[in-house]
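Heads up, the thing below is written out as structure tokens.
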Amino acid sequence: MRWISQVDVKSDLQEDLVREGLTAREGSTAEDLEQLNELMRVRRAKLAKLRESGIDPFGERFERTHLIADVLENFESLESQEDGKVVIAGRLVAMRGHGKATFADVLDVSGRIQIYAKIDVLGEDSYRLFSDLDIGDIIGVRGKVFKTRRGEITIAVEEFKLLTKSLRPLPEKWHGLKDVDLRYRQRYLDLIVNPGVRKVFIQRTKIIRAIREFLDARGFLEVETSAMHPIAGGAAARPFITHHNALDIDLYLRIAIELYLKRLIVGGFEKVYEIGRVFRNEGISTRHNPEFTMLELYQAYADYTDMMKLCEDMIYHVSVTTLGTTKVPFRNFGLADGAPRDDSAPAGAAAVAPGDAPGGTLGRTFGLGVGPAQGPGAPGAGLGGDEPGGAGSERVIDLTPPWPRITMVEAVKGALGVDFNEIRDDAEARDVVRGLGIEVAGDARWGNCLFALYEERVEPALIQPTFVVDYPVDVSPLAKKKKDDPRLTYRFELIIGGREIANAFSELNDPLDQRERFLQQLAQREAGDEEAHMMDEDFLTALEYGMPPTGGLGIGVDRLVMLLTDSSSIRDVILFPTMRPR
RNA sequence: GGGCCAUUAGCUCAGUAGGUAGAGCACCGGACUUUUAAUCCGGGUGUCCGGGGUUCGAAUCCCCGAUGGCUCACCA
């Protein structure tokens, strides 16, 4: 291009030049150019200049000798070697020019390091190219490590290579990207400029890996069942519907994994698990994303007590291997502030006094907070607000097993003084619950009432890990009934931080009983409950062939990650949360 | 879906008796060879979320809409 040859490399960047360069080189239309702001125009101009001088702004593979973290860790030995040159690559995230020398910071997956370029080392041309780099550019650097006067480990640049030109300015270096909307929509920016975010997602991966290690070591077989179901079963939720053209049938995205894993137990796999995405067509909140990750596992010849032990051991294993401790700060989790993670103020687990020792008595467990939570205005005021320390106070959750176990009836009685064992019929149960200000349907049964009361008034106050056992059959259509009380099932949920973390039961393997439960659910469906279970004849057929007595456990992986990373929103632990398109 | 709040430069944010938009960072030009939120000098780069309305005049007041946050409902 003639015009570029007329340009003195040192001359100012002329806007009209940029326009020409863009139309000629990038194929952009004039309309596109109007969209570009000054900052982007400048970068496009630099891009054109680079191309003109024979430099590929979007380069090729690059051989590194070290990750940045390796350089930092091995500084002593690298510095002492006469020819201890390192080659690193990464994104330029800061530049501090000093005339004939320039400091810059480079970020790779492992960390961040300072580099130092001097004109008398690089030569004039090369140094000018270096000075023309922009924050956001991706470069490779070769040089010797040293320490500056201020003691910062630095690479003295001997050679560098532009690997990718960045055409847009990054968010501000000090405040980072705070706009939560942009953080989720442009997660890549969030990851570049908010260092705590990357840590959370690395932690998430470690947590899931630890779960796999734990289960694999115990002989569980990881399987993958289908995610498109002809019948959406295994949970009470509205499904997403999709359509298969060739078969001309509607299919549901799965709302649970349960019924297919149980089919596998029928088929003779005795220990199976799946970690996978499930989909529920429901609202979005700090605790809910339409697609989320479930762990479900099933073990033949076991029951819910085995699941309790397994659950305890697994979460203990996960916390110790990923956090190195069983004491997790309870600050954001449960406090809905939605603020981005502040990496400069890491959760100071060490600084937090363990207010409550683990394994407290039932009385103590329920003693805290339940009182204030009872006021008609208090429910839903936020979990933190239920605590004696008040909203936002730092607390510690201790995951050291064993964890207290309490029946739901006891829990409600202990917290509210209402003894459901004394309540004999559904109408009385409805009256009692309504008397406490909780709405229940006109046909709500004893178990629905017990559950509603528990969920509304008791569960939010269960901060330390607690197994709540013996769920009512009315809300547990897939769990085995208790022999000594058919109104209840062999089911528990694990509550931590006022939230359900796990749900488990002795699986119902009586096909006749299961059919009854489905029919009961169908009746609720008829009555307008869109979330009631559907009849699954094929599943019943499987049960009729015989499923061994089985214990099953489900864990909401995202919520477990929230707990272990002290995250206040599920969107902070899901890389690309569901958003309305712009 | 309901309620409350927010939306101003690339980013983080100021901006009321309604008078034609501002700071820091980033960016551009200049100085500067161990700085580190580098510093110093000069430069404001904008669809004030969108659309109506009131007004001589709207970022500001009113209405409608969009998106997001929190919250309620539902769930895990």
Side-chain angles (χ1 to χ4, degrees), chain A residues 10-15 34-43 45-46 93-105 112 114-122 127 134-136 146-152 154 156 167-186 189 193 235-238 255-256 278-296 335-340 344 379-382 439 455 493-494 499-503 529-531 554-560 562 568-571 579-582:
Chain A
K10 286 175 284 189
S11 73
D12 295 357
L13 297 159
Q14 302 296 325
E15 196 171 293
E34 298 301 323
Q35 305 298 317
L36 300 177
N37 65 35
E38 173 69 19
L39 280 69
M40 288 192 273
R41 286 195 191 119
V42 167
R43 292 192 180 211
K46 287 184 180 177
V93 290
M95 286 187 90
R96 295 175 291 281
H98 291 261
K100 296 188 175 62
T102 298
F103 290 93
D105 295 342
R112 182 173 174 148
Q114 177 168 267
I115 63 176
Y116 180 51
K118 289 197 292 187
I119 194 167
D120 54 10
V121 174
L122 289 177
Y127 181 74
D134 286 309
I135 290 174
F146 72 104
K147 261 188 189 171
T148 62
R149 284 176 197 157
R150 303 284 282 268
E152 177 150 352
T154 303
L167 297 180
R168 287 173 182 267
L170 285 174
E172 203 235 3
K173 63 180 176 185
W174 192 244
H175 298 94
L177 185 65
K178 283 188 171 169
D179 185 313
V180 282
D181 187 22
L182 291 181
R183 285 184 52 227
Y184 300 142
R185 288 184 194 278
Q186 295 184 282
L189 289 181
V193 302
R238 288 171 59 184
I255 56 173
V278 299
F279 309 85
R280 298 190 182 175
N281 203 342
E282 288 158 0
I284 294 173
S285 77
T286 50
R287 283 147 295 228
H288 302 88
N289 195 63
E291 53 177 313
F292 61 102
T293 301
M294 284 278 293
L295 159 68
E296 289 197 31
L335 300 178
D337 59 10
S344 64
E439 291 179 32
E455 196 173 40
E493 283 194 358
L494 168 65
R499 300 242 180 104
E500 301 153 28
I501 297 293
N503 178 25
D529 182 356
E530 284 186 74
E531 295 180 352
I555 291 183
V557 172
D558 310 277
R559 290 188 177 176
L560 179 63
M562 286 171 71
S568 62
S569 170
I570 196 167
R571 293 178 159 195
M579 304 286 286
R580 192 184 294 275
R582 265 277 153 86

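So that the names make sense, note that chain A is the first sequence line, chain B the second, and so on, each numbered from 1.
- Between Arg185(A) and rG68(B), a side-chain N or O to OP1/OP2 separation shorter than 4.0 Å is present.
- With rU36(B), rC27(B), rC11(B) as the candidates, the nucleotide lying closest to the side chain of Leu39(A) is rC27(B).
- Using a 4.0 Å heavy-atom distance criterion, Gly554(A) is classed as making no nucleic acid contact.
- Pair assignment for rU55(B): none, as no Watson-Crick or G-U wobble contacts are both less than 3.5 Å.
- Look at NZ on Lys100(A): it is 13 Å from P on rG30(B), rounded to the nearest Å.
- Contact between the side-chain N/O atoms of Arg96(A) and the OP1/OP2 oxygens of rU35(B) is not found at any separation under 4.0 Å.
- Comparing rA37(B) with rC25(B), their C1' atoms sit 9 Å apart, to the nearest whole Å.
- Of the candidates rC11(B), rC28(B), rG68(B), rG68(B) carries the atom nearest the Asp181(A) side chain, counting heavy atoms from C-beta on.
- Ala235(A) and Ala256(A) make their closest contact through CB-CB, 4.0 Å (heavy atoms, listed as atom of the first residue, atom of the second, distance).
- The nucleotide rU47(B) finds no pairing partner, because no Watson-Crick or G-U wobble arrangement with both distances shorter than 3.5 Å includes it.
- Of the side-chain N and O atoms in Arg150(A), one or more sit less than 4.0 angstrom from OP1 or OP2 of rU36(B).
- Between Leu182(A) atom CG and rU12(B) atom C1' the separation is 12 Å, expressed in whole Å.
- Taking atom P on both nucleotides, rC62(B) is separated from rA26(B) by 38 Å, rounded to a whole Å.
- Separating the CD atom of Glu172(A) from the P atom of rA14(B) is a distance of 14 Å, rounded to the nearest angstrom.
- A straight line from CG of Asn281(A) to P of rG1(B) spans 12 Å, rounded to a whole angstrom.
- Rounded to a whole angstrom, the distance from the C1' atom of rA59(B) to that of rU8(B) is 7 Å.
- Checking the phosphate oxygens (OP1, OP2) of rU67(B), a side-chain nitrogen or oxygen of Arg580(A) falls inside 4.0 Å.
- Here the nucleotide nearest the side chain of His175(A), chosen from rU12(B), rG10(B), rC11(B), is rU12(B).
- When each of Lys118(A) and Leu170(A) is assigned the nucleotide of RNA chain B with its nearest heavy atom, Leu170(A) is the one assigned upstream, toward the 5' end.
- Asn289(A) comes within 4.0 angstrom of a nucleotide base, judged by non-hydrogen atoms across all strands.
- No side-chain heavy atom of Ser568(A) sits under 4.5 Å from any side-chain heavy atom of Thr286(A).
- Within the structure, a side-chain polar atom (N or O) of Lys173(A) is placed less than 4.0 Å from OP1 or OP2 of rA26(B).
- Separation of the C1' atoms belonging to rG42(B) and rA17(B) is 37 Å when rounded to the nearest angstrom.
- Within the 4.0 angstrom heavy-atom criterion, only backbone atoms of the sugar-phosphate kind lie near Glu500(A); the bases stay farther away.
- The same atom, C1', is picked in rG29(B) and in rG68(B); the two are 39 Å apart, to the nearest Å.
- Proximity of Lys178(A) to the phosphate of rA6(B): no side-chain N or O atom is located under 4.0 Å from OP1 or OP2.
- Distance CE (Met95(A)) to P (rU39(B)): 16 Å, rounded to an integer number of Å.
- Screening Glu296(A), Glu493(A), Met294(A) for a side-chain contact (heavy atoms from CB on, under 4.5 Å) involving Asn503(A) leaves a single residue, Glu493(A).
- In the set rA26(B), rU71(B), rC32(B), rU71(B) carries the atom at the smallest distance from any side-chain atom of Thr286(A).
- Both Asp105(A) and Gly176(A) lie close to RNA chain B; mapped to their nearest nucleotides by heavy-atom distance, the more 5′-ward contact belongs to Gly176(A).
- In this view, Glu531(A) satisfies the side chain to side chain donor-acceptor pair (under 3.5 Å) rule with no residue, not counting sequence neighbours.
- Between the CZ atom of Arg43(A) and the C1' atom of rG10(B) there is a distance of 9 Å, given to the nearest Å.
- Rounded to a whole angstrom, the distance from the C1' atom of rC4(B) to that of rU45(B) is 36 Å.
- Smallest separation of non-hydrogen atoms from Met579(A) and Asp181(A): CE-OD1, 3.1 Å.
- Looking at heavy-atom distances under 4.0 Å, Asp120(A) makes contact with a base.
- Which of rG10(B), rC72(B), rU33(B) sits closest to the side chain of Arg287(A) comes down to rC72(B).
- Distance from the side chain of Val42(A) is smallest for rC28(B) among the nucleotides rC28(B), rU35(B), rU45(B).
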### Message
Does Glu500(A) form a side chain to side chain contact (heavy atoms under 4.5 Å, CB included) with Arg287(A)? I'd like the steps, not just the answer.
### Response
CA-CA 11 Å; Glu500(A) 301 153 28; Arg287(A) 283 147 295 228; over 6 Å; no
Show the distances under 3.5 angstrom between N or O atoms of the protein and N or O atoms of nucleotides 40-44 of chain B.
none

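- Rounded to an integer number of Å, the gap from CG of Asp179(A) to C1' of rG10(B) is 13 Å.
- Side-chain atoms of Thr102(A) stay outside donor-acceptor range of the base of rU33(B), with no qualifying N/O pair under 3.5 Å.
- Here the separation of rU60(B) from rC70(B), taken at their P atoms, is 27 Å to the nearest Å.
- Proximity of Arg149(A) to the phosphate of rU35(B): a side-chain N or O atom is located under 4.0 Å from OP1 or OP2.
- Counting all heavy atoms, side chain and backbone alike, Met562(A) lies closest to Arg499(A) at CE-NH1, 3.5 Å.
- Listed nucleotides: rU33(B), rC28(B), rC11(B). Nearest to the side chain of Asp134(A): rC28(B).
- The minimum heavy-atom distance between Ser569(A) and Tyr184(A), with the atom names listed, is OG-OH, 4.2 Å.
- Pairing each heavy atom of Tyr127(A) with each of Thr102(A), the nearest pair is OH-OG1, 2.7 Å.
- Lys100(A) places none of its side-chain heavy atoms less than 4.5 Å from the side chain of Lys118(A).
- Separation of atoms CG (Leu560(A)) and CG (Leu494(A)) is listed at 9.0 Å; rounding is to 0.5 Å.
- Judged by Watson-Crick or G-U wobble contacts below 3.5 Å, the nucleotide rC74(B) has no partner.
- At a threshold of 4.0 angstrom between heavy atoms, the contacts of Gly556(A) with the nucleic acid are absent.
- Nucleotides rA6(B) and rG10(B) have their P atoms positioned 22 Å apart, rounded to a whole Å.
- In this structure, the CD atom of Glu439(A) is 13 Å from the C1' atom of rC74(B), given to the nearest Å.
- The partner of rA6(B) is rU67(B), by the rule that a Watson-Crick or G-U pair needs both atom distances under 3.5 Å.
- In this structure, of rG10(B), rU33(B), rU34(B), it is rU34(B) that holds the atom nearest to the side chain of Thr148(A).
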